[in-house]
Visitor: 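Below is the structure I would like to discuss, written out as structure tokens.
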Amino acid sequence: MPDDTTAVDDIVAALTLEEKLGLVHGAVDPEETATGYVPGVERLGVPEFRLVDGPLGVRVPGRSSTAFPASISLAATFDADLARRQGVALGREAKAHGQDAVLGPGLNIIRTPHCGRNFEYFSEDPLLSGAFAAAVVEGIQAEDVVATPKHYVANNQETGRTTVSAAVSERTLRELYLPGFRAAVDAGAGSVMTSYNRVDGTHMSDHHHLVTEVLKDEWGFDGYVVSDWFGTESTVGAANAGLDLEMPGISQEELRTAFGIEDSLDFEDHDGMPDATETGLFAEPLGEAVENGDVHEGRLDDMVARLLRQMKRIGLFDDEEREGELDTPSHRRLAESIARRGSVLLTNDGALPLDEDADVAVLGSSATSAMLGGGGSSEMDPFERIPTADGIRERASGTVTVERGIAKIEDFSFFEDSNGSDHGTVESDIEAATAAAEEADVALVVVRDTVSEAIDRADLGLPGDQDELVEAVAAVNDRTVVVVQSSGPVELPWRDDVAAILESWYPGQADGDAIAAILYGDADPGGRLPVTFAPQSDYPTADERAFPGVDDVVHYDEGAFVGYRHFDAERVEPTFPFGHGLSYADYEYRDAELTDDGTVSVTVENVADRDGREVVQAYVSPPEVDGVSRPVRELGGFTAIEIPAGETVIVRVSLDDAAFRRYDEDEGWLVDEGEYGIEIGRSTRDIRLDVAAIR
Ligand code: BGC
């Protein structure tokens with residue numbers, strides 16, 4: 001057993017070719033727990049290595065872990081400290097399950113609102129995405145577990161995800177799609193996962209420019225690059241492009257047999273599923289390529305060294321017991337507090353917070369289950385799940401009646417029995433729901449979408465009879481409150497007919513408790529939108545060239561004008577703008593000033609008689625430069641802060657340099673000289689103050 005000081009290089013030098021190959025592709029985990037497994041080399045004391053899915057929690061088949069709110073909900077908190085704490089909890093739970101690397105965070109930019117994995121990602125904004133990715137990475141790695149930011153890069157849709165090519169300019173990549181990964185790498189990420197798709201014609205596993213030149217050489221990334229599962233396109237191409245670890249390295253058939261898993265859906269029908277038979281490309285074929293000189297042995301040594309360095313960094317060579325923790329009271333509380341703080345109050349005519357004594361009718365298909373997430377590799381099976389209706393029952397003093405009113409909205413699940421919904425089916429009975437609503441003081445309708453990895457949403461409407469249900473209920477009860485549990489933007493055609501709308505995303509296991517706390521005003525809704533809500537025809541991806549693409553090419557013609565950057569430039573009024581979210585309190589903003597080049601300060605007074613949680617946002621608006629198109633404003637910084645009733649605080653927001661610069665394809669990053677506006681406000685469309693910054 002080598003001691004701590006054994007140099008990785010010495011181990012590499014002692015390995016045979018066969019042993020090296022065993023360290024660069026996956027194998028069957030004898031313990032049947034890991035999503036990806038690398039056997040060690042006993043002879044040289046190299047330990048085994050286990051990689052496990054995230055990012056909503058640690059997914060080990062047949063075992064439970066804390067189901068945290070979806071990543072988009074985490075980002076809606078605008079509080080990166082919560083992300084760090086979630087990362088720590090993920091790290092501890094991974095260790096408790098004997099795992100060494102977490103396959104997360106997911107941080108692809110939410111480019112198309114239809115993408116089936118938006119709930120696993122943070123935002124349409126690169127600064128917000130990067131801040132959250134970095135915080136999750138720091139948290140996971142503080143626990144000596146490797147974090148794996150994914151999926152690198154331009155994996156912004158599920159339709160044709162294994163073949164589709166993103167036609168995206170270098171400037172757009174640099175300004176929008178790469179910064180989040182850069183932030184994760186700067187935070188010390190030990191690994192990065194490549195995506196399935198192609199970028200400008202080349203599969204990401206084989207993309208020398210993006211994997212070696214940008215990620216490794218330019219950013220100094222010294223961890224290992226792992227393929228997505230069955231996402232290694234070639235042997236020589238991938239090895240020479242800089243891919244270091246092929247996963248899972250064995251076929252789906254072998255995996256299924258080893259784990260005794262039956263997939264509950266026939267995914268071969270979906271063009272988003274990879275070919276799970278072509279595998280083992282970094283096994284014998286790589287050995288042959290090294291022997292015949294197509295891949296230099298130094299490259300193979302580098303692949304191995306990159307993994308070994310991470311194993312060493314997290315202490316796997318130390319002879320110590322790795323201690324983790326599972327389902328602790330603090331993890332439960334954290335899951336609940338993120339769900340609460342990530343909930344976004346979209347509208348409120350005063351019906352919220354609810355009166356303690358109100359009689360409440362809880363309606364809708366999603367009311368009787370905790371909404372854990374979408375289908376796919378992030379599916380969770382927690383120790384406890386608190387359905388929305390149970391949380392309300394627990395908290396209410398008045399009478400609570402529960403009536404689903406519509407047929408069950410089905411989940412897409414990759415695995416049998418894994419997602420959190422109950423399995424009873426009911427026929428739609430909207431009359432029963434309206435009858436209950438008529439009797440009650442308040443009608444609470446819980447609605448949801450259904451999404452999955454490998455599939456994009458066909459439209460942004462709510463599935464099934466849900467719109468009909470809300471309309472019918474709102475017609476009989478003018479205190480109708482709608483809780484929306486969605487993966488991202490949805491269309492809410494009845495939004496002006498209901499008293500209040502709370503977007504709770506996928507709140508995870510604490511669903512009912514978190515929502516009750518917000519609805520009854522125990523906590524201020526702290527969430528703000530990390531994505532723009534608009535009718536689907538208003539997004540730049542409404543054109544089929546842009547989504548889902550034509551002839552397997554998706555054209556990023558909109559450039560950097562994604563999300564609010566598009567709506568601002570086109571002067572299109574969104575339904576709910578980026579950054580939007582109401583508080584139960586009210587705030588006055590005054591006295592904004594630049595305290596130095598990189599900080600803006602503003603006085604914020606809570607003028608309400610209740611405590612509030614405010615998110616102060618600073619946007620940078622660049623000077624005009626001939627021939628250069630730039631967004632009207634870009635998020636430069638944000639600060640989430642509790643402000644007690646009647647109190648005044650000075651809030652400081654640090655401005656990221658990235659918000660001032662632009663990428664020029666000839667000159668690289670540059671900051672144009674001139675006057676920048678620093679806009680301070682509550683959303684992209686609620687700017688309260690503005691100060692000038694000269695650069
Ligand atoms: C997903 C990854 C995941 C991997 C392992 C893939 O289908 O794209 O996000 O980590 O499977 O489950």
Side-chain angles (χ1 to χ4, degrees), residues 25-26 28-29 32-38 50-61 65 70-71 90 94 97 99-108 115-122 133 136 140 145-164 181 184 189 191-197 203-205 224-233 245-252 254-256 258-259 261 263 265 267-268 270-276 278-279 373-381 412-415 418 451-456:
H25 72 276
V28 172
D29 176 7
E32 300 174 15
T33 57
T35 312
Y37 171 77
V38 184
R50 291 189 165 80
L51 304 85
V52 74
D53 258 320
L56 277 49
V58 176
R59 182 178 65 80
V60 176
S65 312
S71 310
L90 288 174
H97 283 305
Q99 309 296 312
D100 309 305
V102 169
L103 303 173
L107 63 122
N108 294 98
C115 174
R117 297 187 86 172
N118 285 343
F119 70 100
E120 292 186 66
Y121 304 147
F122 296 119
V136 172
I140 293 173
V145 170
V146 175
T148 317
K150 66 187 186 184
H151 311 84
Y152 184 73
V153 62
N155 174 195
N156 307 103
Q157 67 185 55
E158 294 299 283
T159 310
R161 68 172 169 167
T162 60
T163 56
V164 77
F181 287 96
S191 177
V192 168
M193 186 192 292
T194 53
S195 54
Y196 289 125
N197 54 282
H203 273 97
M204 278 308 302
S205 71
Y224 61 89
V225 177
V226 59
S227 73
D228 199 343
W229 267 233
F230 307 109
T232 304
E233 193 55 27
L245 180 59
E246 180 205 359
M247 277 293 161
I250 46 175
S251 71
Q252 180 76 352
E254 288 169 275
L255 270 180
R256 280 189 189 132
F259 283 69
I261 306 176
D263 295 339
L265 287 183
F267 280 100
E268 267 81 53
H270 292 281
D271 66 358
M273 286 315 276
D275 175 353
E278 268 288 297
T279 180
S377 52
S378 66
E379 284 177 43
M380 292 302 302
D381 184 10
F412 284 120
S413 175
F414 270 36
F415 312 99
S418 122
V451 301
S452 174
E453 177 179 335
I455 308 167
D456 289 316

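Numbering starts at 1 and runs along the sequence shown. Counting starts at 1 for both ligands and their atoms, following the listed order.
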Visitor: Take Val225 and Thr194 through the test side-chain contact (heavy atoms from CB on, under 4.5 Å) and record every step on the way to the result.
Guide: CA-CA 7 Å; Val225 177; Thr194 53; 3.6 Å; yes
Visitor: Does Asn197 use its side chain to pair, donor to acceptor, with the backbone of Gln157 at less than 3.5 Å?
Guide: no
Visitor: Which ligand 1 atoms, with their elements, are less than 4.0 angstrom from a heavy-atom of Lys150?
Guide: 2 (C), 3 (C), 9 (O), 10 (O)
Visitor: Identify, by atom number and element, the atoms of ligand 1 in contact range of Ser377, meaning under 4.0 Å from any of its heavy atoms.
Guide: 1 (C), 2 (C), 3 (C), 9 (O), 12 (O)
Visitor: Output the distance between atom CZ (Phe122) and atom OG (Ser71), rounded to the nearest 0.5 Å.
Guide: 5.0 Å
Visitor: Show me which atoms of ligand 1 lie under 4.0 Å from any heavy atom of Arg59.
Guide: 12 (O)
Visitor: List every atom of ligand 1 that sits less than 4.0 Å from any heavy atom of Arg161, numbering the atoms from 1 in the order shown and giving each element.
Guide: 7 (O), 8 (O)
Visitor: Could you find the nearest protein heavy atom to atom 4 (C) of ligand 1 and give me its residue, atom name and distance?
Guide: Asp228 OD1, 3.4 Å
Visitor: Could you find the nearest protein heavy atom to atom 7 (O) of ligand 1 and give me its residue, atom name and distance?
Guide: Glu453 OE2, 2.6 Å
Visitor: Return the closest protein heavy atom for atom 9 (O) of ligand 1 as residue, atom name and distance.
Guide: His151 NE2, 2.7 Å
Visitor: As a quick check of understanding, evaluate side chain to side chain donor-acceptor pair (under 3.5 Å) for Glu453 and Ser378, giving each step before the final call.
Guide: CA-CA 9 Å; Glu453 177 179 335; Ser378 66; 5.9 Å; no
Visitor: Would you mind running through ligand 1 and noting each atom that sits below 4.0 Å from a heavy atom of Met193?
Guide: 10 (O)
Visitor: Within a distance under 4.0 Å of any heavy atom of Leu103, pick out the atoms of ligand 1 and give their elements.
Guide: 10 (O)
Visitor: How far is atom 10 (O) of ligand 1 from its nearest protein heavy atom, and which residue and atom is that?
Guide: Asp53 OD1, 2.7 Å
Visitor: Just distances here: any N/O of Arg117 and N/O of ligand 1 closer than 3.5 Å?
Guide: yes
Visitor: Would Tyr196 count as a contact residue for ligand 1, given that I'm defining contact as a non-hydrogen atom of the residue lying under 4.0 Å from a ligand atom?
Guide: yes
Visitor: Got a salt bridge between Lys150 and Asp228, using NZ or NE/NH1/NH2 to carboxylate O under 4.0 Å?
Guide: no
Visitor: Closer than 4.0 angstrom, basic N to acidic O: yes or no for Arg161 and Asp456?
Guide: no
Visitor: May I ask you to check whether His151 and Arg117 show a side-chain donor-acceptor distance below 3.5 Å?
Guide: yes
Visitor: Could an N or O of ligand 1 be found under 3.5 Å from any N or O of Thr35, whether backbone or side chain?
Guide: no
Visitor: Under a 3.5 Å distance rule, please check whether Glu120 uses its side chain to pair with a backbone N or O of Asn118 as donor and acceptor.
Guide: no
Visitor: Under a plain distance cut-off of 3.5 Å, with no hydrogens placed, do Thr33 and Gln99 share a side-chain donor-acceptor pair?
Guide: yes
